Amino acid sequence: MPVLHLYNSLHRKKEAFEPITPGHVGLYVCGPTVSGESHLGHARPYITFDVVNRYLQHLGYRVRYVRNITDAGHFEEEGREAEDKVAEKAKLEQLEPMELVHKYTSLFHKGMHLFNTLEPSIEPTATGHIIEQITMIEGLIAKGYAYEVNGSVYFDVKKYAEGHNYGELSGRVMEDLLETTRELEGQDEKRNKVDFALWKAAPPQHIMRWKSPWGEGFPGWHIECSAMSAKYLGTQFDIHGGGMDLQFPHHESEIAQSTIAHGCAPARYWMHNNMITINGKKMGKSYNNVIKLSELFSGNHPMLEQAYHPMVVRFYILQTHYRSTLDFSNEALQASEKALKRLWEAKEELQKLTNESPVTDNSTSDAEQKVVKLLGELEGFMADDFNTAQVLANFFEMVPVINALKNGQLPKDAISAASLAQMKESFTRYLEDILGLQGMQQNTDSSKLDKVIAILGDIRRDARKRKDFATSDAIRDKLAQDGILLKDEKDGSVSYTLQ
RNA sequence: GGUCGCGUAGCCGAGCGGUUAGGCACAGCUCUGCAAAAGCUGCUACAGCGGUUCGAGUCCGCUCGCGACCUCCA
């Protein structure tokens, strides 16, 4: 089995993956802020890291996958009058903060389920770890890298940078940061503009608030991930993932505070997925161009020409490498829908294929050689920084072979029994287990419908034998009007698909 | 303004110095009572200009265009 190489954002190059503890992987991924409904952009990291999780397990690792829920709410803009995002929206919607947070957490879970992502091992919430966060902040103050002002606590970035490389992950330069950080109100509390909040004093109108050694307040934006990853994965763990937009300042700050608090950098490998764009622009709240997951699945959005099945979205995301931007368009989604359907039909046909003449020597058959080559490349593609696009391309190259075998355009024994078995195994292992894809058919019991169609199919077949095409076409056309598409197979049988 | 990244055929997208990526669309052919599906064939591109090399989407430089981050952001 090839060695897994992954692109480490920390060093900006691909590196061989070596876990800290042999056989085990600690994986932390920044989860959603549940102050609103998840959108298409959010789907990318969770699907990307779901595949990372699945592939690591395929390699035999025992993975502890921690993905947090940010439910504490952060202030809108650093330094500006602290406004708890969650509290603000709760007022608008006349809801309790926790009610709101629960609602969006549930919706998030529903979306993740529809995308067929495996559940994380632990899904800690920020509100459930206030004590851990306070403890960590106290440690930072004790070490002289954090200071309290008016009930708020800030991390002293300039001091940190004297002995450490602040900007290592994101490529920032301290001098630049000191120059370009925006001039904002309330900056005077901080010793330097680059300092970031660990704890914020809560103004009176703030709904979410906790007691702390510095008065009532709420945690700063970065501390939860550091506190929770250390608690569940250890002060140093293997992989930390998230969207590219979190690289700075979120992840950079995590590194700084964890390094001081624990005496070591938190993660050895940092992975960042690229953004989903729409008309070339990043999909994001601030651009006002988001398509929420529920809108995507229902088609209920001005930019959507139709509804898209969650599996189509998953497939569409996996067709692109996770570090490339991925541009949304109806055309692209529709292409993915057709492609996934074709791939899945071939996958199902494959399982029915048999080679009754296993003794035939067909090692020189073109198809056989092609299949052997395509199958052999899969593991290497995945091991090369999770190149799901190449994996899918190889499977698509096997589709014509499967269809040709099925339709008799290739002799039954063109593929050896051994290769056929390997194909069946690989289609299931890679497409289902590793890429987490599923068919798009509803899981409803269709056995009764199968029988009805079989009867109609028999009637139609008899009519065709009598050259009574008026009857045979009527059956097909009427069913088609109700979205049941009949197909005459080469062997004389009739199959159907639902639209 | 600073830092980083991208620009591949009609569209979406792999590619990390030497072979047809793949998908969707389109055209032709085969099969078919007709459809549909399927198979085969075709369309063969790397923003521009220089450079390195026997050989460059692939490395280097410059130019143009686009984007991300620097503010909550997946």
Side-chain angles (χ1 to χ4, degrees), chain A residues 12 14 29-33 35 38-49 70 73-80 83 85 167 170-173 175-177 179-182 184 194 221 241-250 252 272-277 280-287 290 315-316 319-321 323-329 331-340 342-343 345-346 349 381 384 387-397 399-404 406-410 464 467-469 472-473 476-477 480 485-490 495 497:
Chain A
R12 262 148 259 155
K14 283 185 201 168
V29 174
C30 289
T33 302
S35 59
S38 299
H39 57 77
L40 175 58
H42 295 111
R44 176 107 101 143
Y46 307 125
I47 288 172
T48 297
F49 289 104
T70 298
H74 296 308
F75 40 85
E76 285 288 348
E77 276 185 329
E78 190 179 359
R80 190 171 285 185
E83 283 182 318
K85 212 194 249 177
S170 58
R172 300 298 130 139
V173 182
E175 292 76 57
D176 295 343
L177 289 171
E179 277 172 27
T180 57
T181 297
R182 275 212 261 162
L184 299 164
V194 285
W221 7 323
M244 250 178 202
D245 49 355
L246 296 181
Q247 209 166 2
F248 189 90
H250 185 57
E252 195 72 60
H272 292 97
N273 62 276
N274 214 135
M275 302 292 102
I276 287 184
T277 59
K281 279 258 192 297
K282 173 186 167 185
M283 185 178 287
K285 280 170 236 165
S286 38
Y287 295 98
V290 302
F315 175 83
Y316 158 75
Q319 252 189 324
T320 306
H321 187 87
R323 283 191 287 111
S324 298
T325 54
L326 172 55
D327 198 56
F328 167 86
S329 70
E331 210 179 353
L333 262 306
Q334 283 159 12
S336 289
E337 183 178 271
K338 285 182 187 169
L340 176 60
R342 197 166 100 95
L343 180 67
E345 278 174 10
E349 289 304 328
F381 287 156
D384 183 15
N387 201 326
T388 56
Q390 283 188 318
V391 168
L392 285 170
N394 271 27
F395 278 104
F396 272 104
E397 288 204 65
V399 168
V401 176
I402 294 166
N403 286 328
K406 175 200 165 204
N407 293 333
Q409 287 141 331
L410 269 178
R464 289 175 67 210
K467 307 244 184 246
D468 177 9
F469 298 122
S472 67
D473 287 354
R476 187 176 64 198
D477 295 345
L485 306 179
L486 288 190
K487 203 159 86 178
D488 298 327
E489 298 295 345
K490 295 265 191 233
S495 68
T497 53

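Per chain, numbering begins at 1; letters A, B, ... match sequence-line order. The structure presented is a predicted model; accordingly, all values stated were derived computationally and were not measured.
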Given atom [atom1] of [X] and atom [atom2] of [N], what is their separation to the nearest angstrom?
| X | N | atom1 | atom2 | result |
| --- | --- | --- | --- | --- |
| F248(A) | U71(B) | CZ | C1' | 11 Å |
| K338(A) | C26(B) | NZ | C1' | 12 Å |
| F395(A) | G13(B) | CZ | P | 22 Å |
| K285(A) | C73(B) | NZ | P | 8 Å |
| E337(A) | C12(B) | CD | C1' | 15 Å |
| L326(A) | G67(B) | CG | C1' | 14 Å |
| L246(A) | A68(B) | CG | P | 15 Å |
| Q319(A) | C12(B) | CD | P | 13 Å |

Which part of the nucleic acid does [X] contact within heavy-atom distance under 4.0 Å: base, sugar-phosphate only, or nothing?
| X | result |
| --- | --- |
| Q334(A) | nothing |
| H39(A) | base |
| T320(A) | sugar-phosphate |
| G280(A) | sugar-phosphate |
| I276(A) | base |
| A339(A) | sugar-phosphate |
| M244(A) | nothing |
| Y316(A) | nothing |

Closest approach of C30(A) and L246(A), non-hydrogen atoms and distance? CB-CD1, 3.6 Å
Might you point out which heavy atoms bring L40(A) and M283(A) nearest each other, and give the distance in Å? CB-SD, 3.7 Å
Base versus backbone protein contacts along nucleotides 33-41 of chain B [heavy-atom cut-off under 4.0 Å; B, S, -]: BBBBBBSS-
F49(A)/N273(A) under side chain to side chain contact (heavy atoms under 4.5 Å, CB included): CA gap, chis, key distance, verdict: CA-CA 9 Å; F49(A) 289 104; N273(A) 62 276; 3.8 Å; yes
Pairing residues for D384(A) by the side-chain hydrogen bond (donor to acceptor under 3.5 Å, both in side chains) criterion, not counting sequence neighbours: K14(A)
Please name all residues satisfying side chain to side chain contact (heavy atoms under 4.5 Å, CB included) with [X], sequence neighbours left out, ordered by chain then number.
| X | answer |
| --- | --- |
| A335(A) | none |
| S336(A) | V312(A), F315(A), Y316(A), Q319(A) |
| E489(A) | K406(A), K487(A), D491(A), S493(A), S495(A) |
| D477(A) | D473(A) |

Return no unless some side-chain N or O of [X] is found under 4.0 Å from OP1 or OP2 of [N].
| X | N | answer |
| --- | --- | --- |
| K282(A) | A74(B) | no |
| S38(A) | A74(B) | no |
| Y287(A) | U71(B) | no |

Those residues that, when tested against E331(A), pass salt bridge (charged side-chain N to carboxylate O under 4.0 Å, His left out) (two or more places apart):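 E331(A) satisfies salt bridge (charged side-chain N to carboxylate O under 4.0 Å, His left out) with no residue once adjacent residues are dropped.
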Taking only residues two or more places apart in sequence, or in another chain, which ones meet R342(A) in a salt bridge (charged side-chain N to carboxylate O under 4.0 Å, His left out)?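 Expected list: none.
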[N] versus [M] - spacing of their [atom1] atoms, nearest Å:
| N | M | atom1 | answer |
| --- | --- | --- | --- |
| C69(B) | U52(B) | P | 39 Å |
| A14(B) | A9(B) | P | 13 Å |
| G42(B) | A25(B) | C1' | 14 Å |
| G15(B) | C72(B) | P | 32 Å |
| A56(B) | G51(B) | C1' | 12 Å |
| U3(B) | A45(B) | C1' | 32 Å |
| G57(B) | C46(B) | C1' | 4 Å |
| A38(B) | C24(B) | P | 8 Å |

Proximal nucleotide (of [options]) relative to the [X] side chain:
| X | options | value |
| --- | --- | --- |
| N387(A) | G22(B), A74(B), A14(B) | A14(B) |
| H42(A) | G67(B), C73(B), G23(B) | C73(B) |
| K14(A) | A14(B), G67(B), C16(B) | C16(B) |

Could you pick out which residue, N394(A) or M283(A), lies toward the 5' side of RNA chain B when each is mapped onto its nearest nucleotide? N394(A)
Between G284(A) and A332(A), who's closer to the 5' end of RNA chain B by nearest nucleotide? A332(A)
For the side chain of Q390(A) and the backbone of F381(A), is there at least one donor-acceptor N/O pair under 3.5 Å apart?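 Not at all, since once roles are kept as given, no pair shorter than 3.5 Å links the two residues.
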Go through the structure and list residues passing ring-ring contact (aromatic ring centres under 6.0 Å, His included) with H39(A), not counting sequence neighbours.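 Only H42(A) meet the ring-ring contact (aromatic ring centres under 6.0 Å, His included) criterion with H39(A).
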Just to verify, what does F395(A) make a ring-ring contact (aromatic ring centres under 6.0 Å, His included) with, not counting sequence neighbours? F427(A)
The dot-bracket string of RNA chain B, counting Watson-Crick and G-U wobble pairs with both distances under 3.5 Å, using [ ] for crossing pairs and | for pairs to another strand, is ((((((((.[[[..)..(...]]].(((((.......)))))....[[[[[..)....]]]]])))))))....
Could you list, one pair per line, each protein nitrogen or oxygen that sits under 3.5 Å from a nitrogen or oxygen of nucleotides 3-10 of chain B, together with the distance?
unit_1, atom_1, unit_2, atom_2, d
U3(B), O2', G171(A), O, 3.2

Start with the C-alpha distance between T320(A) and N274(A), add both sets of side-chain angles, then the distance that settles side chain to side chain contact (heavy atoms under 4.5 Å, CB included), and finish with yes or no. CA-CA 10 Å; T320(A) 306; N274(A) 214 135; over 6 Å; no
